[in-house]
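Quick notes on the structure that follows.
All ligand and atom numbering here is 1-based and tracks the order in the structure. Every heavy atom of this structure was used, including side-chain atoms; hydrogens, water molecules and symmetry mates were not.
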Amino acid sequence: MDRLPTLRTERLVLRWIEERDAPALREVFGDPEVVRYWSAPPLPDDAAAVELVAEIQLLFRQRTLFQWGIVRAEDDQFLGTATLWRWDVAHRRAEVGFALGRKSWGKGYMAETLTGLFRCAFDDWELHRIEADTDPRNHRSLSVLERMGFRREGYMRERFHVGGEIQDSVVLGLLRSDWADRFTGRR
Ligand SMILES: CC(C)(COP(=O)(O)OP(=O)(O)OC[C@H]1O[C@@H](n2cnc3c(N)ncnc32)[C@H](O)[C@@H]1OP(=O)(O)O)[C@@H](O)C(=O)NCCC(=O)NCCS
């Protein structure tokens with residue numbers, strides 16, 4: 001696999017991120033509101049976004065981070081990204097991360113993205129467990145994770161130092177069996 005597989009959902013395509021996506025990445029990750037609860041500060045300029053694309057591609061080649069661009073199927077408009085990283089192949093688990101540009105919030109795009117991504121992760125790649133962590137104040141993130149079936153498993157105090165602030169983390173987990181249960185109606 002020399003690049004990520006393309007995944008399709010009803011309205012979206014999850015695809016390999018290219019250098020031409022740098023301005024759109026900057027729009028998403030340069031917005032202080034989007035990265036309010038992120039573990040890094042906003043992207044300062046387009047040059048930083050070009051560097052980010054190169055880093056995303058390098059980390060994929062090293063098989064440590066898989067970050068897809070989320071684009072609208074009808075016109076390839078770049079909406080955000082979804083990531084599986086912190087891979088532990090021996091224990092069949094990885095961590096998920098995601099962000100959408102602000103204009104794309106509230107349309108069900110992330111739930112649709114994660115449904116497509118987890119189908120691939122659990123069914124094709126046979127992951128056993130997907131983990132997530134988020135700031136307890138990040139209600140939108142907690143809401144989409146819990147709608148996907150994630151359960152809150154822990155709470156870590158003062159875990160991230162971002163922009164002069166110390167943030168706590170809620171730790172969540174989704175098992176392959178939790179995921180399967182959603183489709184057989186047992187939960
Ligand atoms: C977290 C984030 C991705 C959630 O995006 P989102 O669009 O709110 O999430 P969803 O895809 O689940 O959409 C749910 C909303 O879409 C609405 N919606 C509209 N059409 C819909 C449809 N066809 N299907 C489902 N929901 C739909 C729902 O009613 C809900 O609205 P509400 O938030 O006003 O209640 C987004 O807020 C974000 O990028 N935040 C910044 C980055 C971040 O914090 N990432 C997580 C770090 S851990």
Side-chain angles (χ1 to χ4, degrees), residues 7-15 17 21 23-44 48-49 52 55-56 59 65-75 77-87 93-121 129-163 165-174 178-179 182-183 187:
L7 309 177
R8 291 171 204 284
T9 67
E10 198 184 327
R11 295 175 294 173
L12 305 170
V13 176
L14 274 61
R15 64 156 174 79
I17 296 173
D21 297 315
L25 261 187
R26 159 95 202 283
E27 219 179 297
V28 175
F29 290 102
D31 180 348
E33 195 67 31
V34 171
V35 297
R36 172 71 185 86
Y37 301 114
W38 207 249
S39 53
L43 279 184
L52 178 59
E55 190 186 331
I56 289 169
L59 294 176
L65 177 138
F66 290 13
Q67 187 162 5
W68 282 263
I70 305 165
V71 302
R72 244 180 6 201
E74 63 190 67
D75 56 5
Q77 190 187 317
F78 196 96
L79 307 178
T81 75
T83 308
L84 286 175
W85 64 313
R86 295 195 172 138
W87 285 84
R93 62 171 188 249
E95 187 170 320
V96 67
F98 46 79
L100 292 170
R102 227 186 312 167
K103 283 181 289 193
S104 305
W105 293 4
K107 298 185 168 131
Y109 283 148
M110 191 48 69
E112 189 172 321
T113 296
L114 297 181
T115 301
L117 184 59
F118 294 166
R119 191 167 290 144
C120 169
R129 176 182 159 83
I130 297 175
E131 301 178 350
D133 81 73
T134 189
D135 188 293
R137 296 166 298 179
N138 194 349
H139 299 293
R140 287 175 185 275
S141 172
L142 284 167
S143 158
V144 70
L145 288 167
E146 292 188 322
R147 264 182 292 122
M148 288 293 106
F150 277 82
R151 298 200 198 166
R152 296 186 194 214
E153 296 177 336
Y155 193 97
M156 294 195 208
R157 297 173 304 149
E158 303 193 358
R159 186 153 177 253
F160 289 106
H161 292 241
V162 186
E165 183 184 76
I166 306 182
Q167 300 181 357
D168 296 346
S169 270
V170 178
V171 179
L172 303 100
L174 177 71
D178 299 333
W179 180 253
R182 291 181 80 226
F183 297 102
R187 280 187 61 211

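- The two residues Arg147 and Ala111 come nearest to each other via the heavy atoms NH1-CB, 3.9 Å.
- With a 4.0 Å cut-off on non-hydrogen atoms, Asn138 touches ligand 1 through its side chain and not its backbone.
- Shown here for Val34 and Val28, the closest heavy-atom pair between the two residues is CB-O, 3.5 Å.
- Proximity annotation for atom 41 (C) of ligand 1: of Val28, Val34, Val96, Val34 comes nearest, heavy atoms only.
- At a 4.0 Å cut-off, at least one heavy atom of Trp105 sits close enough to ligand 1 to count as contact.
- For atom 21 (C) of ligand 1, the nearest non-hydrogen atom from the set Met148, Lys107, His139, Arg11 belongs to Lys107.
- For Val144, no nitrogen or oxygen atom sits less than 3.5 Å from a nitrogen or oxygen atom of ligand 1, counting backbone and side chain alike.
- A distance-only check finds no donor-acceptor pair linking the side chain of Glu112 to the backbone of Thr9 [under 3.5 Å].
- Of the candidates Glu33, Arg137, Arg147, the one placing a heavy atom closest to atom 12 (O) of ligand 1 is Arg147.
- Residue contact annotation: Arg36 has no non-hydrogen atom under 4.0 Å from ligand 1.
- Atom 35 (O) of ligand 1 lies below 4.0 Å from none of the non-hydrogen atoms of the protein.
- Considering Trp38, Phe78, Phe98 as possible partners of Phe29, the one that fulfils the ring-ring contact (aromatic ring centres under 6.0 Å, His included) test is Trp38.
- Ligand-side atoms of ligand 1 in range of Ser141: 1 (C), 46 (C), 48 (S), range being under 4.0 angstrom from any heavy atom.
- For atom 18 (N) of ligand 1, the nearest non-hydrogen atom from the set Ala111, Gly106, Ala82 comes from Gly106.
- The proximity of Phe98 to ligand 1, defined as any non-hydrogen pair under 4.0 Å, involves the side chain as well as the backbone.
- Residues Trp68 and Ile17 share a closest heavy-atom pair of C-CD1, 3.8 Å.
- Distances below 4.0 Å separate heavy atoms of Asp133 from the following atoms of ligand 1: 48 (S).
- Checked by distance only, ligand 1 and Tyr37 stay at 3.5 Å or farther apart across all their nitrogen or oxygen atoms.
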